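The structure appears below as structure tokens.
What you see is a predicted model; the values in this text were computed from it and never measured. Each ligand, and each atom within it, is numbered from 1 in the order the structure gives.
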Amino acid sequence: MSELQLQILRVLDKAPITDTSVTFPEVETSAVQAALSSLTARSMVLFKIIDKESWTLTPEAEEIVEKGSHEYRLLEEVTKSLDGLKLAEVPKLLGTAGKLGQLRAFKNGWVKKDGDKLVSAVSSKPQDITANELLVIKDTGSLPDAKQLNELKKRKLVTKIKKLSYSVEKGSEFALEIKKLETDLTPDMIQSGLWKTATFKPYNFNAEGAITFSGALHPLNKVREEFRQIFFAMGFTEMATNQFVETGFWNFDTLFVPQQHPARDLQDTFYISDPAVADKPEDETYWENIHKVHEEGAFGSIGYRYPWSADESLRLVLRTHTTAVSSRVLHQLAKDPKPSRFFSIDRVFRNEAVDATHLAEFHQIEGVIADYDLTLGDLIGFMDRFFKRMGVDKLRFKPAYNPYTEPSMEIFAWHAGLNKWIEIGNSGMFRPEMLESMGLPKDLRVHGFGLSLERPTMIKYKLSNIRELVGHKVNLDFIENNPAVRLDEELV
Ligand code: FB9
């Protein structure tokens, strides 16, 4: 028990406490409140809050109480100088207070001007009213005359403060000693019989449960899960994307990306130095088909007609898109071709300039739909249905170019919050040079589309810089406490 708790009990033993700020003037309010809370928990006291307003002096007012008001000190200087005080002398004597002092000394009728001097206009020494009023406030925290108090407030000589204090009376369990409060009933207490006389701390049913840290899903994973559920609901199977390093063959050549395409340059692609190359794929026929379709054309295509390099094709890269995975999966599908839907959501790497919304890697979301005699209209219709599931229902499609799809379309959505069209993805029909090279039947058409995971996540969480989402500057509190996300709300 604290000394203050004992003092409170001793005072209460004689009489109720009407105001703790009077009974314990030197004790901080917070200490009084803590002592009373502890005694109340034992029902030893009851208290009520007294919410008082009181006034305190500003530093300027403290100086007036110590040295006298500006106007009074000016009168003293004028009285001291027998034939009056030169006006030019006032700032030297009283500094900035001199100007204030003159104003109030004139207003009080204490001084008057005589040429370039100030002379006394009173026959006897007046009271320093301002200093006296401030002294009363210093001692009592208030001033009976509300008009005068308001005047001092206007002169910024006093500041209002809220002063909490308490009235206290005995509680049902009042005693001059504090019994130990038991918080747990133990086997020893039961066996020894101590439980019969023990005092237990009452349950605090208002106490909040302890926060148990249980880990947290990163916002990207929350949004990723939303997309995964949409894909599953639309009949897609998830592709295995746990291989970040691909050969140029799967990342570019099988996608009919020519070996001199700028996307394959060092400033766009991360090349692995050790090991630098990989083995040829087992499917010799496929390897030769790709070689032929690039170099001389095949399957109705005139190809690119350049000397295709096997070495170039076996260089190792960090995959620049998950379309490399789609290519592997479609190559597998060629062994048993049938209508299928696949999706993937995983990291891809691009050796590009970073900025507020782009880093050297991002998570690509990709969907692939294989079916007989699909048309471009089917792709447009699917994209409408796909994005409608995330509250986006105003789409526009713009012709675009991808080496592996023809026709290709960029997808735009109307963003009501930004009041403009924003790009939300890319799509197209995979080319025969890609599909027939892997042995898929001519009439099995394949649609592909892609978007990033970071962009929708940043929009949903209203983030302006990708570094608020990933990287060493991320605010871990945001990661732990960000709200759940629902994609099927308006894209705001
Ligand atoms: O994600 C993008 N934007 C986006 C997506 C969703 C969204 O909100 C959701 C609806 C609720 C808001 C914005 N973009 C694609 C567009 C831009 O952000 C663009 O600046 C960045 N793009 C990335 C690539 O940039 C180097 C986003 C990424 C992207 C682009 C194309 C594909 C995948 C990712 C693709 C593809 C594709 C095409 C055909 C066949 C297979 C795959």
Side-chain angles (χ1 to χ4, degrees), residues 220 222-224 226-227 230 239 251 254-257 262-263 267-269 319-327 329-330 342-370 374 376 379 382-418 420-431 434-435 445-463 466 485-492:
L220 280 175
K222 289 181 179 173
V223 175
R224 179 172 173 274
E226 290 292 303
F227 275 103
I230 289 172
M239 295 185 258
N251 197 76
T254 63
L255 299 174
F256 201 49
V257 178
Q267 67 266 28
D268 287 88
T269 300
R319 68 181 179 215
T320 59
H321 45 199
T322 45
T323 321
V325 183
S326 303
S327 185
V329 166
L330 290 169
F342 302 104
F343 81 93
S344 62
I345 305 175
D346 210 335
R347 293 162 73 179
V348 296
F349 309 88
R350 303 217 179 159
N351 190 5
E352 289 172 342
V354 298
D355 60 23
T357 56
H358 293 83
L359 293 175
E361 65 175 87
F362 66 92
H363 292 76
Q364 181 171 337
I365 299 169
E366 178 153 334
V368 171
I369 301 166
L374 284 175
L376 187 64
L379 177 55
F382 175 82
M383 298 318 309
D384 273 330
R385 293 193 304 278
F386 177 75
F387 282 110
K388 192 183 286 292
R389 286 175 173 264
M390 50 198 88
V392 177
D393 54 11
K394 208 172 164 188
L395 298 188
R396 275 184 175 172
F397 298 87
K398 180 182 168 190
Y401 172 76
N402 295 318
Y404 37 85
T405 53
E406 184 57 36
S408 307
M409 303 179 296
E410 283 170 349
I411 307 164
F412 290 80
W414 177 253
H415 191 297
L418 299 175
K420 67 176 185 177
W421 290 94
I422 62 165
E423 185 186 348
I424 60 169
N426 191 303
S427 63
M429 298 182 74
F430 285 113
R431 300 178 69 120
M434 173 180 159
L435 302 179
R445 304 279 162 73
V446 184
H447 289 159
F449 65 94
L451 60 152
S452 80
L453 182 63
E454 282 76 5
R455 292 298 291 137
T457 304
M458 286 176 71
I459 288 175
K460 285 292 176 181
Y461 282 95
K462 298 181 175 49
L463 304 176
I466 186 85
V485 69
R486 287 206 20 210
L487 277 182
D488 61 350
E489 291 161 338
E490 184 61 32
L491 180 63
V492 287

Checking heavy atoms under 4.0 Å, the part of Phe449 that sits near ligand 1 is backbone

Heavy-atom proximity to atom 31 (C) of ligand 1 ranks first, among Leu453, Ile424, Asn426, for Asn426

In ligand 1, the atoms that come under 4.0 Å of a heavy atom of His358 are 20 (O)

For Ser427, the atoms of ligand 1 under 4.0 Å from one of its heavy atoms are 38 (C), 39 (C)

Those residues at least two apart in sequence (or on a different chain) that pass side-chain hydrogen bond (donor to acceptor under 3.5 Å, both in side chains) with Asn402 are Thr405, Asn426

Query raised in the report: Does the ring center of Phe382 lie less than 6.0 Å from the ring center of Phe449?
Result: yes

*Quick one: does Arg319's side chain have a donor or acceptor within less than 3.5 Å of a partner on Arg347's backbone?*
yes

Note: ligand 1 atoms sitting under 4.0 Å from heavy atoms of Gly448 are 39 (C), 40 (C), 41 (C)

Rounding to 0.5 Å, atoms CD (Glu226) and CG (Leu453) come to a distance of 11.0 Å

Any heavy atom of Ala413 under 4.0 Å from ligand 1? The part involved is neither

Query raised in the report: Between Glu454 and His363, is a side-chain hydrogen bond (donor to acceptor under 3.5 Å, both in side chains) present by the stated rule, with each step listed?
Result: CA-CA 7 Å; Glu454 282 76 5; His363 292 76; 2.7 Å; yes

*Determine, using heavy atoms of Arg350 and all atoms of ligand 1, whether some pair is separated by less than 4.0 Å.*
yes

Within 4.0 Å of some non-hydrogen atom of Leu451, the atoms of ligand 1 are 1 (O), 5 (C), 6 (C), 33 (C), 34 (C)

Ligand 1 to Val392, heavy atom cutoff 4.0 Å, flagged ligand atoms 10 (C)

**Prompt:** When the ring centroid of His321 is compared with that of Tyr404, is the distance short of 6.0 Å?
**Reply:** yes

Self-check item: ligand 1 N/O within reach of Ser452 N/O, cut-off under 3.5 Å
Solution: yes

Are any of the N/O atoms on Glu423, whether in the backbone or the side chain, positioned under 3.5 angstrom from an N/O atom of ligand 1?
yes

**Prompt:** When you look at Ser327 and Thr254, which way does the side-chain hydrogen bond (donor to acceptor under 3.5 Å, both in side chains) test go after all the steps?
**Reply:** CA-CA 7 Å; Ser327 185; Thr254 63; 2.8 Å; yes

A student checking ligand 1 against Glu366 at a 4.0 Å heavy-atom cut-off should list atoms 41 (C), 42 (C)

For Ile459, the atoms of ligand 1 under 4.0 Å from one of its heavy atoms are 12 (C)

On a heavy-atom basis, the closest approach of Met458 and Ile466 is CE-N, 3.4 Å

Heavy-atom nearest pair, Gly425 first then Leu451, reads CA-CB, 4.2 Å

